[in-house]
Amino acid sequence: MGNRYNFNEIELKWQRYWAQRGFHQTKKDASLKKFYCLEMFPYPSGKIHMGHVRNYAIGDVIARYKLMRGFNVLHPMGWDAFGLPAENAAIKNNVHPAKWTYENIDYMKRQLNRMGLSYDWNREVTTCSPEYYKWNQWFFLKLYEMGLAYKKASYVNWCPSCATVLANEQVIDDKCWRCDSIVSQKELEQWFFKITHYAEDLLKGCDELSGWPERVVMMQKNWIGKSKGVEVDFPIVGYDESLRIFTTRPDTLFGVTFMCIAPMHPFTKRLDINQPQIEQIIAKYGRMEEKEGFFTGYYAVNPLNNEKVPIYVANFVLMEYGTGAIMSVPAHDQRDFEFAAKYGIPIKTVIIPEDVSEDWRDGLKAAYEDEGILVDSGDFSGLNNDMAKGRIIRYIEDRGIGKGMVNFKLRDWGISRQRYWGTPIPIVYCKRCGIVPVPENELPVILPEDVRFSGTGGSPLLESEAFLKVKCYKCGGYARRETDTMDTFVDSSWYFAAYCIKEGFQDEDSKEKTYEPIDLKSTINNEHSSINYWMPVDQYIGGIEHAVLHLLYSRFFTRVLKELGINSTAEPFLNLLTQGMVCKETYRCAKHEWLFPEEVKGSVCIHCGGMVEKGRTEKMSKSRKNVVDPDMLIQRYGADTIRLFALFAAPPERDLEWSDKGVEGASRFLNRLWTIVHKNIKPFEKKSLPENLRSLLSSFKPETVSLLRKAHQTIRKVTNDIDKDYHFNTAIAALMELLNEISSFEMINDEDRAVSHFAVKNTLLMIAPFAPHIAEELWEAIGERNSIFQHGWPVWDEELAKDEDVELVIQVNGKLRAKLLIPAGLSYDEAKKIALEVPKITEIIGDKEIKNIVVVKGRLVNIVC
RNA sequence: GCCGGAGUGGCGGAAUUGGUAGACGCAAGGGACUUAAAAUCCCUCGCAGCUUGCUGUGUACGAGUUCGAGUCUCGUCUCCGGCACCA
């Protein structure tokens, strides 16, 4: 590697330079245009992985670019530091979660700095520190006051392996999102945040998320899941009560042939119903393979046509949605159809297709769920079913047997976790006073450190007498502390606001005073607060895996912030970039499962000699043995190369296939840049372009003009590519093209040297956000004094970027037949004339009659004959 | 099943409002330098055919609109992602 540049030396040099000068700190001047660039903060698991590298490289380019564009840039970083792995490590290695976590943070912070990321570390937040989680507790109290935090007994998702409760969002295919264990149902007393209070608003807000990827917005909408319908009461025969159901299909009410209630519906306990059968259904809950149920022995009356219909218990009816009871219309609902077929329940058609020519009534094989005309539906017969919906709802409301209703799939957010390493919930239980919140001035409730980690399940907090025993804040009597901690998603639901405030004052008039690092209280009703200055986040960057969980919770919390008068906007993230995964090819052998590439010789497993099958490229993961270690790469190629490759190999939102050879390519490019600049440092001493450049242009040799033009075109292209959807890959490609032209350019006279210098200077400026260290170093080498980032982003001259000659494409009947260079700006008629004079074209046309000639100015002529 | 997104060389990927398909990079082949290798530099590179410069063909498949379609419309297939008994 003889003449390669010493990246290690220069990268450390500039990292020191930036750090010593506080280069990445924000300016405390509220009159400046701000740009808040945020990447999802990592969980301090030990080391950073390639996904982090990609995420943070993308964010760093944006932050540095905006800095060069003159924005006051907030680019912070922190640690999502509470969570289960720390506790598991404690059990396994007998090390306290705090120690484990902070050591990991130290290591990872060094790694991030080694990448040359432009973070303002003064604003670093660590969620497991009391200065941070105090405010989680403060939020809890506020939500409790607002009636948005409450406790209730409910069936919850229970992961037996993690010994904790999971939110609905954390259950994937009936399995724990973290450990893949089958999740069961367990009845527990839990704290909930009433996110459903904002269901309508969160849904409406989706329309404002124009800076988000469409599919993420769609996923949020689906998750909130609004449906409009009607609730109707069906009187139970021989009983003084009604069964209330919810339906979105009031138009099918006349086709009801049975009813279904959830196994956990209150009626199943109140009425005399076969309990063992219910138990059986509940046991299989969550893992049901087919529709099952049984007849309760009771009947209900359809209030619309007074028909008597049987009531079933059915496993597919959810207690948590609607009323926990449904009307069943097998003719027009596939699910009901299957249930009816299985249990021999009659099917009654009430909607027929408008085109009745087919035999719609005979041998129905599936439910008819499309539009049509109502039949056998009393006064509503003959109506279009869609129109009938509204009328039937009105009829129901007029008769007082039900009312129009909106339902959401979104459930309240269960935040209780039976774990140690999280924020203690600031509540005590008093025999006399019941649930008593910890008063605000007693915060934070500190997580005790002197606990043991046995690993036998259950929270270690239960064993800490000092923590557990407490005086009631109301009556002074004996009380017990809540031992559950909060879901760690609470921590990440507002950290973006914490960054804003960590540094304190924004301007002198502000009444905001930061007596402690994150004082949310001081910002209440202060429109000049730093939160209001920096929020919302202008660009948020992270993985698609948070499309519902974290992003939805953050939107919820930001609404609470707004209600508290802390923040003035309801939406936290203006623009969202969801970067793709980092993938790599995999290898597997029949005996030894997944293999590291080193374990494959030729196409044979080195352990057993068996044939190795090349697996698909998959997301890098330890289990697939296809990870590459960022430390190793930085050691071998330097941070600039890794960053450049991660940005060049694919557009940010797409998956990136890792390629060792591709990294070599990026490295080659930077080395080429290095040698070309160094080769030319002497000639560059004669450097400035003449003032009257344009008038001199005609005296320059064509190559010189061409390089000048290329430089201006590249500035235009790179700027547009970054501004428009962050197309870094094509921006880098354009810079490569420019460097190719610079390298083949021969300098003969002073103006050549000046133009070449101009091209190099701008190449460095444009490469700076991508590969900041080498850019700084070469910037210095060509004689510039200040940091390259203090220089503004280059601007192009539209005149100089204009092509002199353009290639005119001549088509005959849409087929490419000739190309020739013509001066730019020729008129239609001139272009036409030139095209018709090309010998080859006249030959092709021959004596055919020309029917039409289409001219696209400066591009092509199409002769139709 | 429903809702999204995507299909372009050996590979990653480029292609403004429809206007030269394959930018840039990787891999491959050839050459220069070298005792040799590495590094570097130069040339070739969608496929097929031959007269080596041209002709034909080509963006998952089939139609259509258009002077002209990777791009627009309809249909089909495949892949990926999300939701999945939500009444």
Side-chain angles (χ1 to χ4, degrees), chain A residues 1-4 172-173 213-223 225-227 229 245-249 252 259-260 262 288-291 314-318 320-329 333-336 338-339 369 407-411 544-545 547-548 580-581 617 644-645 648-651 653-666 668-669 671-672 675 717 720 724 727 729-740 743-744 807-819 840 851-865:
Chain A
M1 297 206 180
N3 52 358
R4 293 200 164 190
I172 296 149
D173 292 335
E214 211 183 316
R215 65 171 175 148
V216 176
V217 178
M218 199 55 85
M219 281 160 76
Q220 295 246 329
K221 281 185 182 171
N222 287 343
W223 194 265
K226 179 180 179 173
S227 8
I245 60 97
F246 172 73
T247 180
T248 55
R249 293 294 305 274
T252 63
M259 317 280 291
C260 290
M288 66 188 86
E289 268 127 38
E290 57 178 291
K291 290 161 192 48
N315 64 346
F316 61 85
V317 181
L318 308 169
E320 299 85 356
Y321 185 78
T323 61
I326 59 167
M327 64 179 212
S328 292
V329 186
D333 180 292
Q334 187 55 29
R335 191 196 40 201
D336 295 345
E338 285 166 29
F339 194 86
E369 295 179 326
N407 262 306
F408 294 94
K409 286 190 207 173
L410 185 69
R411 318 280 163 72
I544 185 82
E545 67 271 19
V548 274
M581 300 180 295
T617 59
L644 194 74
F645 174 72
F648 175 64
E653 63 280 1
R654 234 193 274 187
D655 286 352
L656 181 153
E657 195 183 324
W658 190 264
S659 141
D660 294 335
K661 296 286 189 192
V663 183
E664 296 272 359
R668 246 190 318 258
F669 169 67
N671 275 293
R672 252 157 63 74
T675 40
K717 166 99 177 127
N720 289 340
K724 190 192 118 205
H727 285 171
N729 55 333
T730 50
I732 294 168
L735 288 168
M736 287 172 168
E737 276 185 68
L738 178 58
L739 186 69
N740 287 344
S743 90
S744 59
E807 205 173 24
L808 182 73
V809 170
I810 305 170
Q811 300 178 327
V812 178
N813 293 329
K815 275 203 176 126
L816 174 71
R817 293 301 175 183
K819 293 184 211 176
K840 214 187 130 189
K851 291 181 191 135
N852 189 13
I853 298 177
V854 182
V855 181
V856 179
K857 214 180 160 196
R859 265 182 201 273
L860 100 175
V861 175
N862 187 14
I863 300 158
V864 187
C865 59

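Residue numbers start from 1 in every chain, and the chains themselves are labelled A, B, ... in the order their sequence lines are given, proteins ahead of strands. What's counted below: heavy atoms across the whole structure, side chains too, no hydrogens, waters or symmetry copies.
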Could you pull out all residues at least two apart from [X] that satisfy side chain to side chain donor-acceptor pair (under 3.5 Å)?
X	value
A:R672	A:N740
A:R249	A:D251
A:S659	none

Apply salt bridge (Lys or Arg N to Asp or Glu O under 4.0 Å) to [X] and list each qualifying residue two or more places apart in sequence or on a separate chain.
X	answer
A:K819	none
A:R335	A:D333
A:E214	none

Interface polar pairs with nucleotides 22-24 of chain B, N/O, under 3.5 angstrom:
from: B:rA23; atom 1: O2'; to: A:E737; atom 2: OE2; distance (Å): 3.0

Query - For A:F645, all residues meeting ring-ring contact (aromatic ring centres under 6.0 Å, His included), sequence neighbours excluded - result: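 For A:F645, the residues satisfying ring-ring contact (aromatic ring centres under 6.0 Å, His included) (neighbours in sequence not counted) are A:W658.
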Scan nucleotides 63-71 of chain B against the protein and return all N/O pairs shorter than 3.5 Å with their distances rounded to 0.1 Å.
from: B:rC67; atom 1: O2'; to: A:N862; atom 2: ND2; distance (Å): 3.3
from: B:rC67; atom 1: O2; to: A:N862; atom 2: ND2; distance (Å): 2.4

**Report entry** Base-paired stems that RNA chain B participates in, counting runs of 3 or more Watson-Crick or G-U pairs under 3.5 Å
**Finding:**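 Stems for RNA chain B, defined as runs of 3 or more consecutive pairs: B:1-7 with B:77-83, B:10-12 with B:24-26, B:28-32 with B:40-44, B:46-49 with B:54-57, B:60-64 with B:72-76.
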Report task. Please work out which residues in residues 658-666 of chain A have a non-hydrogen atom less than 4.0 Å from an atom of RNA chain B and list them by number. Result ->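 Residues of residues 658-666 of chain A that come under 4.0 Å of RNA chain B are, in numerical order, A:K661, A:G665.
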Between the protein and nucleotides 43-48 of chain B, which nitrogen or oxygen pairs are less than 3.5 angstrom apart?
none

